[in-house]
Amino acid sequence: AQSVTQLDSQVPVFEEAPVELRCNYSSSVSVYLFWYVQYPNQGLQLLLKYLSGSTLVESINGFEAEFNKSQTSFHLRKPSVHISDTAEYFCAVKDGNKLVFGAGTILRVKS
Amino acid sequence: GAGVSQSPSNKVTEKGKDVELRCDPISGHTALYWYRQSLGQGLEFLIYFQGNSAPDKSGLPSDRFSAERTGGSVSTLTIQRTQQEDSAVYLCASSLGQVRLMGYTFGSGTRLTVV
């Protein structure tokens with residue numbers, strides 16, 4: 001079975017600073033990876049996904065994630081965060097017909 | 001509908017009572033999933049429906065939990081004889097086609113509190 005590990009439960013960062021949220025997956029065989037975001041009091045929304053091809057995937061709000069097969073990682077990055085990026089971020093991997101999620105990382109952006 | 005709809009949004013119930021949680025997926029989405037989100041626990045998979053059948057119900061934590069889907073659309077998650085450890089946010093998601101391509105669309109969840 002596939003699994004993902006999010007090493008950081010909380011990441012505090014100042015506004016306009018860069019941030020990296022870490023995610024490691026368990027297997028390199030036919031890996032499909034996703035990042036979801038959950039803003040306060042809202043449902044989960046798809047942020048970006050890696051299916052194949054280019055190892056760098058981007059979202060519309062400035063986040064990007066890089067698929068690294070040798071390190072079995074899919075870390076999420078943003079060069080400059082905003083207060084509005086405060087949310088919980090979940091990494092997920094396809095396992096059979098479902099997605100398996102990590103425990104989540106709470107990103108707290110401070111002014 | 002335009003999105004995945006879940007009802008009720010909040011439910012407080014007494015220990016030992018039965019509860020039913022409802023999910024209306026996006027029209028035409030053949031796949032439907034239930035997850036449970038507990039504080040600090042991430043998302044725990046419960047059950048997956050393809051049409052009206054459930055090929056994967058491996059995540060249901062006990063026989064007190066059951067789910068059904070009718071007409072390839074609405075799904076109901078039933079918890080019998082609720083316990084305090086059942087308190088969580090129950091999330092429903094639906095998907096059109098293969099999950100590896102589409103990912104999920106989530107509902108806003110039902111927050112269940114067992115007192």
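Any value given below was found using the heavy atoms of this structure, including those in side chains, with hydrogens, waters and symmetry copies removed. Keep in mind it's a predicted model, so treat the numbers as computed, not measured. In what follows, every chain begins at residue 1, and chains take the letters A, B, ... in the order their sequences are listed.
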> Does anything in residues 101-111 of chain A get under 4.5 Å of chain B by heavy atoms, and if so which residues?
Replying inline: A:Phe101, A:Gly102, A:Ala103
> When hydrophobic residues are tied together by side-chain contacts of less than 4.5 Å, even through go-betweens, does A:Tyr39 share a cluster with A:Phe63?
Replying inline: yes
>> If you apply the rule side-chain contact (heavy atoms from CB on, under 4.5 Å), what do you find for B:Asp56 with A:Lys98, and how did you get there?
In response: CA-CA 9 Å; B:Asp56 188 350; A:Lys98 64 182 182 291; 3.3 Å; yes
> Has B:Glu14 got more than 12 heavy atoms of other residues, nucleotides or ligands less than 6.0 Å from its CD?
Replying inline: no
> Should side-chain heavy atoms under 4.5 Å link Ile, Leu, Val, Met, Phe, Trp and Tyr, which residues sit in the same cluster as B:Leu21?
Replying inline: B:Val19, B:Leu32, B:Trp34, B:Leu46, B:Ile47, B:Phe49, B:Leu60, B:Phe65, B:Leu77, B:Ile79, B:Tyr90, B:Leu112, B:Val114
> Relative to chain A, which segment of B:Gln50 carries a heavy atom at a distance below 4.5 Å: side chain, backbone, both, or neither?
Replying inline: neither
>> Quick check: closest heavy atoms across A:Leu99 and B:Tyr104, and the distance to 0.1 Å?
In response: N-OH, 2.7 Å
> Does CZ belonging to B:Arg111 count more than 12 external heavy atoms closer than 6.0 Å?
Replying inline: no
> Mind checking what makes side-chain contact (heavy atoms from CB on, under 4.5 Å) contact with A:Thr55, not counting sequence neighbours?
Replying inline: A:Glu66, A:Phe67
>> Using heavy-atom distances under 4.5 Å, tell me whether A:Gln45 contacts chain B through its side chain, its backbone, both, or neither.
In response: neither
> Does any heavy atom of chain B fall under 4.5 Å from the side chain of A:Leu46, the backbone, both, or neither of them?
Replying inline: side chain
> Can you check whether A:Leu44 reaches B:Leu43 side chain to side chain, under 4.5 Å on heavy atoms?
Replying inline: yes
> Can you pull out the residues in residues 80-90 of chain A with any heavy atom less than 4.5 Å from chain B?
Replying inline: A:Glu88, A:Phe90
